Amino acid sequence: MTSTNLRYEVIRIYKQLLHLGRDYPLGYAYFRPRLHKAFSAKADLTDENEIRRGIEQAEFVKKEIEALYYLKRYRALRQRYDKTT
Amino acid sequence: MSGLRILVPVKRVIDYAIKPRVNKAGTAVETNGVKHSMNPFDELSIEQAVRLREAKVPVEDILVFSAGPTKSQETIRTAMAMGADRGIHVVEEKIELEPLGVAKLLKQVVEKENRNLVILGKQSIDDDAGQTGQMLAGLLGWPQATQASKVTIEGEQCTVTREVDGGVETLKAKLPMIITTDLRLNEPRYASLPNIMKAKKKPLEKKTLADYDVDVSKRMKTVKVIEPPPRQGGGKVDDVDGMISKLKELGAI
């Protein structure tokens, strides 16, 4: 039972990351295969705790990417509009 | 005390990461087939509205407004995914609205929807006019705090901090009021996939300019749009003598 729930959780975070990847600076074509590789590298995990750890790691990466986007935009705008300070 | 009824106008602009190109006729920036997204300064205003709610300030509702082509709907949806409650979209495909027209339009929205706080981006990154907020404040006769870097609201009292030359300035005013956002106000959240899905269920009203009694006719005419001249590349000198002669040529020594 729990394994199917975990399965959905993994798919959910995978979809969220894919969505994030659309805006990736190096392009979706760069992002997608790498994301796929990272997930398929852990496809054979069976231990519940290990899978949970994998999901946590994915959540961490998601936060990192969001922060990357924010910083990239902030820096670009700061350079354009805030040069005097 | 009644809660805050916030209006956040947003604009769909060419994405900040895209290098704008001038169209062939030299009359405007090419927008066809170019990636668009929400004006970054408007993201700051939505984030601020949502943060006010999260800081337990009584916020009744957050209304997003946009006027422009059908695709502006996506921008409104993004705003709703970030936490706004509902949206109004004034569909206008042909006329490029000017700040005064938008301000007049917003005035009517404020009156019809009974708003008491308007948070706008200080400027849009396409026209860089930076006028709409101020004009709206003038039309409504409300106090305004432009380019806010910190906003706190206690009861009817708004305290806004703004960055000015050599320090910060703190303004206090009573509601209703107009606030425009500066870059360092907050860190806008990312509209996540689950939230975008949820935002699809939030109410979005479609209207046209005919629903509002405004004169949005053009007052300005764009004469010409040209790209900045390309940067002149540097040159290499072979030796010290070469450098000195180059410097003399430039009149530096």
Side-chain angles (χ1 to χ4, degrees), chain A residues 4-36 38-40 51-52 54-85, chain B residues 13-20 35-47 74 77-78 81-82 121-130 146-149 162-169 180-200 228:
Chain A
T4 46
N5 282 347
L6 271 181
R7 192 182 169 79
Y8 281 123
E9 261 181 65
V10 172
I11 292 171
R12 210 182 64 210
I13 186 74
Y14 183 66
K15 278 187 177 166
Q16 287 180 11
L17 283 166
L18 265 184
H19 178 76
L20 269 176
R22 283 173 200 281
D23 298 326
Y24 200 71
L26 290 170
Y28 192 49
Y30 175 93
F31 185 87
R32 209 171 74 115
R34 279 165 180 77
L35 181 70
H36 186 86
F39 270 74
S40 62
I51 296 172
R52 279 192 207 286
I55 294 172
E56 260 170 45
Q57 194 195 347
E59 293 280 355
F60 174 76
V61 171
K62 187 181 119 194
K63 274 188 199 144
E64 291 279 294
I65 295 174
E66 283 177 10
L68 166 81
Y69 291 169
Y70 167 70
L71 270 178
K72 187 169 174 269
R73 191 177 52 204
Y74 175 80
R75 285 188 184 134
L77 286 170
R78 189 183 145 80
Q79 211 183 11
R80 282 177 215 171
Y81 290 105
D82 229 17
K83 255 185 182 163
T84 47
T85 51
Chain B
V13 299
I14 294 178
D15 192 80
Y16 81 96
I18 306 278
K19 192 174 181 294
K35 186 188 170 196
H36 282 67
S37 53
M38 194 197 301
N39 178 26
F41 290 108
D42 297 341
E43 284 187 15
L44 291 157
S45 15
I46 291 163
E47 178 68 27
E74 291 165 21
R77 293 279 177 211
T78 314
M82 287 173 73
K122 68 165 177 172
Q123 61 187 188
S124 65
I125 60 165
D126 53 356
D127 290 333
D128 286 320
T146 55
Q147 304 181 7
S149 65
R162 28 195 328 253
E163 289 175 13
V164 292
D165 283 346
V168 289
E169 180 181 71
T180 70
T181 59
D182 203 356
L183 191 55
R184 264 179 294 284
L185 180 60
N186 55 41
E187 301 86 39
R189 66 198 64 190
Y190 195 84
S192 67
L193 189 58
N195 284 340
I196 290 173
M197 292 303 170
K198 279 180 213 153
K200 285 186 178 162

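As the structure is a computational prediction, the values presented were derived from the model and not from experiment. Below, chains carry the letters A, B, ... as their sequence lines are ordered, and counting in each starts from 1.
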Heavy-atom neighbours of Arg189(B) CZ exceed 12 at 6.0 Å
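More than 12 heavy atoms, drawn from other residues, nucleotides or ligands, come within 6.0 Å of this atom.
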Can you confirm whether more than 12 heavy atoms, excluding those of Lys200(B), are under 6.0 Å from its NZ atom?
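Incorrect, the count does not exceed 12.
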Under 4.5 Å from any heavy atom of chain B, what part of Lys62(A) do you find: side chain, backbone, both or neither?
neither
Tell me, for Leu18(A) versus chain B, whether the close heavy atoms (under 4.5 Å) come from the side chain, the backbone, both or neither.
neither
Interchain contact, Ile125(B) with chain A, by part (heavy-atom threshold 4.5 Å):
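Contact with chain A: backbone and side chain both.
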Does a side chain donor of either Asp128(B) or Tyr81(A) reach within less than 3.5 Å of an acceptor in the other side chain?
yes
Do Asp182(B) and Ser149(B) get their side chains close enough for a donor-acceptor pair, meaning under 3.5 Å?
no
Max heavy-atom pair count under 4.5 Å with chain B, selected residue of Arg12(A), Lys72(A), Lys15(A)
Lys72(A)
